[in-house]
Amino acid sequence: MVDDDRTAAGTDEVGFYGAEGADGAAALDPAVIELFNELVANAPAGREGLLTVLLGLQRTFDRVSWRIQELVADRYGVSPVQVASLVSFYPRLSAERRGRLKVEVCTGTDCHLRGGDRLLDGLAGAVRARSALGSEARAEVVGESCLGLCGLAPVVRVHERVHGRAELDDVEEAVRRWLGPAGVDEEPG
């Protein structure tokens, strides 16, 4: 297919992002390009598949790097700036590596008054300690101004699952289940 050849070979020159993307697709592992081509083949046709491909890349690599953004832009016939704007606009996409497991702690008024700030500090500390022990606990603990469930304060969302009237031990256990015994990303069964 012409697009596959153009994508794999046509981005060898200095990329849009300068030194970060200077070696273009040549710097990407052939397995990455193969996965990319597979995602494109399974996505809806045309530009409608662009977001589907970006989400697939994010799930696989925990980010959409600048080089991969250039590859996506080339494949879909858009400028790298348009791809970068999508990556920066959608909360599920990121150019920087971040935790595969997202833990959101509500810090709104009700949750704050019922211990949300202590939950945030405790969970962030637990994830840091787990990482210091050598596990690659790729989790991201963030405070959110409101999760919209004030009646269940304090609220924590672990990988899209809501924990109302959250207790630190219960939420730490949920995080451990998601990260696996040694920080390995495993979805609980």
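Contact check for Gln69 versus Pro80: no side-chain heavy atoms found under the 4.5 Å cut-off. Looking only at side-chain heavy atoms (C-beta outward), Phe36 and Val72 come within less than 4.5 Å of each other. Contact of the Leu147 side chain with the Val162 side chain is not registered, since no non-hydrogen atoms from C-beta on lie closer than 4.5 Å. Using a 4.5 Å cut-off on side-chain heavy atoms (C-beta onward), Thr60 and Val32 make no contact. Residues Tyr90 and Leu55 form no side-chain contact, since every pair of their non-hydrogen atoms from C-beta on lies 4.5 Å or further apart. Between Asp74 and Glu70 the shortest side-chain heavy-atom distance does not fall below 4.5 Å.
Remark: the backbone N or O of Arg63 is not paired with any side-chain donor or acceptor of Glu96 at under 3.5 angstrom.
Val156 and Leu113 fall into different hydrophobic clusters, where Ile, Leu, Val, Met, Phe, Trp and Tyr are joined by side-chain heavy atoms under 4.5 Å apart, directly or via other members. Both Ile68 and Leu51 are members of a single hydrophobic cluster when ILVMFWY side chains are connected at heavy-atom separations under 4.5 Å. In the hydrophobic clustering of ILVMFWY residues, with side-chain heavy atoms under 4.5 Å counting as a link, Leu71 and Leu50 come out together. The cluster map of Ile, Leu, Val, Met, Phe, Trp and Tyr, joined by side-chain heavy atoms under 4.5 Å apart, puts Leu168 and Val142 in different clusters. By the criterion of side-chain heavy atoms lying less than 4.5 angstrom apart, applied directly or through intervening Ile, Leu, Val, Met, Phe, Trp or Tyr residues, Val155 is not grouped with Val175; the two fall into different hydrophobic clusters.
Closest heavy-atom contact between Ala95 and Val87: N-CG1, 3.6 Å. Nearest heavy-atom pair, Ala124 versus Val141, reported as atom, atom and distance to 0.1 Å: N-CG1, 4.0 Å. When all heavy atoms of Glu172 and Ala126 are compared, the closest pair comes out as OE2-CB, 3.2 Å. Between Ser145 and Cys106, the shortest heavy-atom distance links the atoms O-SG, 4.3 Å. What you find for His112 and Thr107 is that their closest heavy atoms are CB-O, 3.9 Å. Counting all heavy atoms, side chain and backbone alike, Ala166 lies closest to His163 at CB-O, 3.7 Å.
Note that CG of Leu120 is 10.0 Å distant from CD of Glu144, once rounded to the nearest 0.5 Å.
No more than 12 heavy atoms of other residues, nucleotides or ligands lie within 6.0 Å of CD in Glu167, so this atom counts as exposed by the packing criterion.
Among residues two or more places apart in sequence or in another chain, the side chain to side chain donor-acceptor pair (under 3.5 Å) test is passed with Gln82 by none. For Glu34, there are no salt bridge (Lys or Arg N to Asp or Glu O under 4.0 Å) partners at least two apart in sequence or on another chain. Glu104 pairs by the side chain to side chain donor-acceptor pair (under 3.5 Å) definition with Arg157, not counting sequence neighbours.
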Go through the steps to decide whether Leu57 and Leu93 satisfy the test side-chain contact (heavy atoms from CB on, under 4.5 Å), and finish with yes or no.
CA-CA 9 Å; Leu57 292 164; Leu93 298 173; over 6 Å; no
